[in-house]
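A short write-up of the structure that comes next.
Numbers restart at 1 for each chain; the letters A, B, ... are given by sequence-line order, proteins then strands.
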Number of protein chains: 2
Amino acid sequence: MAPPLYQVVMNTIVDRIASGSLPSGAMLPSETQLGAELGVSQGTARKALMELEARGLVQRVQGRGTFVTVRTPETSLFNFFRLRNPDGTLESPRLEWETVRRRAATPEERAELFGRPESVIEIERVRSLAQRPVTHEVSVVSAALFPGLADRVPLPNTLYVFYQQAYSVIIVRADERLSAHAVSEASAKALGVPAGTPVLEVRRRAIDVLDRVVELRSSQSLTDQHDYFVSVS
Amino acid sequence: MAPPLYQVVMNTIVDRIASGSLPSGAMLPSETQLGAELGVSQGTARKALMELEARGLVQRVQGRGTFVTVRTPETSLFNFFRLRNPDGTLESPRLEWETVRRRAATPEERAELFGRPESVIEIERVRSLAQRPVTHEVSVVSAALFPGLADRVPLPNTLYVFYQQAYSVIIVRADERLSAHAVSEASAKALGVPAGTPVLEVRRRAIDVLDRVVELRSSQSLTDQHDYFVSVS
DNA sequence: TATAATTAGTCTTGTATAAGTATTGATGTA
DNA sequence: TACATCAATACTTATACAAGACTAATTATA
């Protein structure tokens, strides 16, 4: 069965974005141009663009055009870093320190990550809010998918923006499993809290626009001063 | 400025659902009928219906029709009760006990809840998974918005389904603030765990189809055997 | 009972027109 | 001349409508 035309149009655009030929912030062809270029009507091109907007991949404004969604630290924060003050406001978290190393993948990581990588890059970080360490997180990505990443330390504060800018890997959604535990030994040391302190543990699988699991991240956060904010529907 | 026609169509349908004249599971008029009835084209009626589907208010299947989304305990569970086994599966949580009482609203509750109620109904519950109490939750709703609710104990297991069936109050989304704490004294007693046990606290504001905050819920859960599952995008 | 025809619904595509945005160029004035 | 103002215009997306294709359930028929 042939897929509908508008899906064909969608796929070509997704490919162009994922390949980097339409970089972050770039203006897409207009509905009319796109239709002419791909041999469909303006209405069909329009439907594809609206679908992509609904998925958050592009943004459209009447009278101006359609643009590849720009992931700034702020928007990325809003989506994936979600510690908030009790009143709902948010300061920027500060990156205290990080270590980046390359190592062999565990069997679980091989099974979960896209490409079944033999070798992974592990990024360990401590973030602080209000002059106080609050989050200890470890991110793991395939070394093959992010060549040379380990040589680019220090990495930018917001990894998802960096993935998109430097590797055209666009994170669009994530699964998270949350639990409350007594802080782990490693995190207790990293955060400078006594053993037994309750922490919020978040285990996240980040998924990109091509539906690939490209990052595993596990974090422990202190939530006596801040809340982890979620909006569900 | 007159709103676009498709929004007018949307609003009339939302009103019909919220008023109960289109109950849960009911079939809506077809695109063609709806268009004729409201004096717009089939395409415009279609656009309204698709928008409502995107919001989860109706479900459409080609060749059959459009139906008001049915909230079963299962779908409601999937949306708003999110404790999972580590492997992602889910048993049905059992309702251990509940108490329902009417009392004066606190100033915070008055400020948050729709209608600034003087009087609220408080529903306290303990749920268990695998023969073990895991969640202690307290829900608070406006007494005016849910008349007679306190007289209907025992309440059904899933409140959101009940709200829709009995009061045509349709919860469509929620804000949640999560944190990890040592268990509160009340919850320690309710769950039968020692003081100091880490629990996941969830404070939720549930919002209905008319954009009203209709329920405040605070729960404490044990997460040593289960995870709290979230999907973000 | 099986099978074909019909009906009633959504889905896809196309076209015309409205409305919003930004640029350009003319015009008036200090 | 230099500069601000304003109208025209050449883009863009948004709205609305219409025709035909596809899909599922029901009804008629062999």
Partners meeting side chain to side chain contact (heavy atoms under 4.5 Å, CB included) with [X] (sequence neighbours left out):
{"X": "Glu112(A)", "value": "Arg205(A), Leu216(A)"}
{"X": "Asn85(A)", "value": "Asp87(A), Thr89(A), Glu91(A), His226(A)"}
{"X": "Arg64(B)", "value": "Val61(B), Phe67(B)"}
{"X": "Met50(B)", "value": "Arg46(B), Arg60(B)"}

Please list, pair by pair, any protein nitrogen or oxygen found under 3.5 Å from a nitrogen or oxygen in nucleotides 3-5 of chain C.
none

Can you name the residues that form a side chain to side chain donor-acceptor pair (under 3.5 Å) with [X], not counting sequence neighbours?
{"X": "Gln225(B)", "result": "none"}
{"X": "Asp211(A)", "result": "Arg173(A)"}
{"X": "Arg152(B)", "result": "none"}
{"X": "Ser168(A)", "result": "none"}

Does any pair with a residue in residues 153-162 of chain A pass salt bridge (charged side-chain N to carboxylate O under 4.0 Å, His left out), and if so which ones, sequence neighbours excluded?
none

Interface residues of residues 8-16 of chain A with DNA chain C (non-hydrogen, below 4.0 angstrom):
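Those residues: none at all.
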
Flag if over 12 foreign heavy atoms under 6.0 Å of CZ, Arg55(B):
no

Just by protein heavy atoms under 4.0 Å, how would nucleotides 11-18 of chain D read 5' to 3' in B, S and -?
-BBBBSB-

